[in-house]
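Bear in mind that the values here come from a model prediction, so they are computed numbers and not experimental data.
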Amino acid sequence: MTAFQDEYPEKFSHCFGCGKSHPSGLRLKSHWDMEGNPIDTIVSVTPPEIYSGGVPGHVYGGMIAALFDCHGTASAAAFACRAEGRKIGDWNLPDSDLPPVRYVTASLTVDFLRPTPQNVELKIRARLLMIEGRKIELEMTLMADDLLCAKARMLAVRFQEKGA
């Protein structure tokens, strides 16, 4: 299954968290959760040990926020495309004059429920709460094995090129 981020135009592929063109980035791969709930999006990642937090053996909180940020904005784009009857990446089709659908974070609230262990695959799931004009609101969870370690709420706004 092609990840949402793999469909980004080159000019949007430099993000540290999810950009395929970032030389030292995480290269997150978000997609629809076809094994669990297909209305949700999911990403799995094991952050490198360099992102350790203040508690030995645990992930730095700023990295957790970055993971929510990148997965959330990719998910917002996917939810918007679905709501518009589009497929993510349809702007890459030959003869397409459709603009890419991209979102930026307007607000991100993270609740850290317990320290997140390192060297464990983390699963971040996003669920759509609301679409209103250019705004999308999501709720997200971060699981390490079967432990809920953090949850987040995001307000994302559709990016518009200047003059658009």
Side-chain angles (χ1 to χ4, degrees), residues 1-10 12-83 87-89 92 100-131 136-156 159:
M1 174 179 300
T2 301
F4 305 150
Q5 294 89 341
D6 289 341
E7 298 295 340
Y8 292 172
E10 193 59 35
F12 294 119
S13 69
H14 60 276
C15 175
F16 165 76
C18 60
K20 62 186 175 196
S21 299
H22 194 290
S24 58
L26 297 174
R27 296 191 176 104
L28 296 181
K29 303 287 187 186
S30 303
H31 55 273
W32 297 110
D33 182 10
M34 301 314 289
E35 294 176 16
N37 188 341
I39 66 166
D40 292 347
T41 63
I42 193 164
V43 68
S44 298
V45 62
T46 304
E49 286 192 32
I50 191 171
Y51 301 107
S52 62
V55 177
H58 292 86
V59 179
Y60 166 59
M63 173 53 66
I64 292 168
L67 295 172
F68 278 132
D69 181 63
C70 284
H71 179 61
T73 54
S75 296
F79 288 127
C81 283
R82 180 186 272 178
K87 291 188 186 238
I88 199 151
N92 293 323
V101 176
R102 294 293 296 125
Y103 277 76
V104 294
T105 303
S107 174
L108 178 65
T109 303
V110 179
D111 293 321
F112 298 96
L113 306 174
R114 65 176 36 92
T116 301
Q118 281 190 303
N119 303 315
V120 174
E121 182 180 66
L122 307 178
K123 291 191 185 254
I124 301 169
R125 181 178 309 279
R127 177 162 290 173
L128 176 66
L129 297 176
M130 174 274 299
I131 298 178
I136 288 187
E137 189 173 3
L138 309 170
E139 64 180 3
M140 295 178 277
T141 57
L142 182 146
M143 304 287 290
D145 291 325
D146 292 328
L147 291 175
L148 176 61
C149 295
K151 59 184 181 175
R153 200 166 183 113
M154 171 184 269
L155 178 63
F159 175 79

Steps toward side chain to side chain contact (heavy atoms under 4.5 Å, CB included) verdict (His31, Asp6)
CA-CA 10 Å; His31 55 273; Asp6 289 341; over 6 Å; no
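Under the 4.0 Å criterion applied to side-chain N and carboxylate O atoms, Glu137 and Arg153 are assigned as salt-bridge partners.
Contact of the Phe79 side chain with the Thr41 side chain is registered, since non-hydrogen atoms from C-beta on lie closer than 4.5 Å. Ser30 has its side chain within reach of Gln5: a pair of non-hydrogen atoms, C-beta onward, lies under 4.5 Å apart. Looking only at side-chain heavy atoms (C-beta outward), Leu138 and Leu128 come within less than 4.5 Å of each other. Residues Thr116 and His58 have side chains not in contact (no heavy-atom distance under 4.5 Å, counting atoms from C-beta outward). Residues Leu147 and Pro117 fail the side-chain proximity criterion, which asks for heavy atoms closer than 4.5 Å.
Rounding to the nearest 0.5 angstrom, the gap separating the CG atom in Asp111 from the OG1 atom in Thr141 is 12.0 Å. Taken from CG in Leu142 to CZ in Phe112, the straight-line distance is 9.5 Å, to the nearest 0.5 Å.
Looking at every heavy atom in both residues, Leu28 comes nearest to His71 through CD1-N, 4.4 Å. Between Ile39 and Trp32, the shortest heavy-atom distance links the atoms O-CZ3, 4.0 Å. Residues Leu67 and Pro47 come closest through the heavy atom pair CD1-CG, 4.2 Å. Smallest separation of non-hydrogen atoms from Ile136 and Ala76: CD1-O, 3.2 Å. Taking both residues in full, the closest heavy atoms of Met140 and Leu108 are given as CE-CD1, 4.2 Å, listed atom of the first, atom of the second, then distance. The two residues Glu7 and Thr2 make their nearest non-hydrogen contact at OE2-CG2, 3.2 Å.
Within the structure, the salt bridge (charged side-chain N to carboxylate O under 4.0 Å, His left out) test picks out the following pairs touching residues 40-53 (sequence neighbours left out): Asp40-Arg125, Asp40-Arg127.
Under the 3.5 Å distance criterion, the side-chain polar atoms of Asp69 are left unmatched by any main-chain donor or acceptor of Thr105. With Arg102 contributing its side chain and Ala77 its backbone, the two residues share no donor-acceptor pair below 3.5 Å.
With a 6.0 Å radius and a threshold of 12 heavy atoms from other residues, nucleotides or ligands, Tyr60 has its OH atom at or below the threshold.
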